Amino acid sequence: LHYRDHQLPINPRRGALVLETGLEALVASLGEGHRQLREFLPAEASTKNPVDMIASATPTSFEKAVRIVANDPHVDSLIVLYVPPIVTNAADVAQAIVRGNDAAKEDLKAKGIPPKPLVSCFLGSHGTPDELRSLQEDRIPSYTFPEASAIALSRAVKYGQWLLVP
C-alpha cells in the first residue's frame with residue numbers, strides 16, 4: 001500500500017469486501033449506499049448486509065459499487081476480490097475497479113477527505129498479469145490470495161493506529 005497517497009485506516013471494523021459474486025460490507029450499515037446500490041443492481045441482488053451483486057456482476061457494476069462503497073462514511077478501506085466467471089474478463093474488471101476508485105478519489109477530494117485504501121485479489125492470477133497492469137499503474141495492490149489482501153490491510157490498520165500513539 002502506498003501510504004502517502006491514501007488515508008490510513010485506523011478502525012479494524014470498518015472495511016468492505018467487494019466480490020464478483022457479491023459485495024459484502026463488513027459494517028453494520030452502508031447508510032445511503034444501500035439505496036444507491038439498489039438503483040443499478042438486479043432485482044435478485046441483495047442490498048442487505050451482505051450485499052450480493054450476484055455472479056452476473058458486470059465491470060460497470062464493479063465500477064459503481066467500488067465508488068459507492070468507497071464514498072460511504074462507514075467504510076475506511078476496501079478489498080476487492082474477483083473470481084473469474086465465464087461472463088466477464090479480468091482486464092475489464094480491473095479497469096472498472098480503477099475507474100471506480102479514481103471517481104471515489106475525486107469525490108472524496110471534493111469533500112476534503114483523503115482517498116481510502118483499496119487492495120485487490122484476482123483469484124487464479126499469479127502476481128499481476130499483463131491484463132491487470134492498470135491496477136498496478138493506479139497503485140492498487142493485487143494479491144493472489146484473499147488472505148494476503150486482508151493481512152496487508154490489517155497491517156495498514158496497525159500502522160495507522162501506531163502513528164496515532166503519542
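For reference, positions follow the sequence shown, starting with 1. These numbers were taken from a predicted model, which means no experiment stands behind them.
- Residue F122 holds its CZ atom at 4.0 Å from CD1 of I97, rounded to the nearest 0.5 Å.
- By the side chain to side chain contact (heavy atoms under 4.5 Å, CB included) test, F145 is found to be paired with E147, residues two or more places apart in sequence or in another chain being considered.
- One distance of note links CD1 of I68 with CD of E63; it measures 10.5 Å at 0.5 Å rounding.
- Here the closest non-hydrogen pair linking A104 and N71 is CA-ND2, 3.8 Å.
- Considering all non-hydrogen atoms of both residues, L81 and P146 come closest at CD2-CB, 3.9 Å.
- Of all the heavy atoms in N101 and V66, the pair that sits closest is N-CG1, 3.8 Å.
- Atoms CD and CG, from Q36 and D72 in turn, are 8.5 Å apart once rounded to the nearest 0.5 Å.
- Atom-to-atom distance recorded for L164:CG and Y159:OH is 11.0 Å, nearest 0.5 angstrom.
- Under the 4.5 Å side-chain criterion, counting only non-hydrogen atoms from C-beta, V119 is not in contact with I140.
- Distance check, rounded to the nearest 0.5 Å: CZ of F62 to OH of Y82 gives 7.0 Å.
- Although no hydrogens or angles enter the test, the distance criterion places a donor-acceptor pair under 3.5 Å between the side chain of R38 and the main chain of A45.
- Minimum interatomic distance between S149 and S120 (heavy atoms only, all atoms of both residues): OG-O, 3.3 Å.
- The two residues P115 and K105 have their closest heavy-atom pair at CB-CG, 3.7 Å.
- Annotation: side chain of C121 is not in contact with side chain of T144 (no heavy-atom distance under 4.5 Å).
- For the atom pair NZ (K64) and OG1 (T58), the distance works out to 7.5 Å, reported to the nearest 0.5 Å.
- Nearest heavy-atom pair across S77 and L153 is OG-CD2, 3.5 Å.
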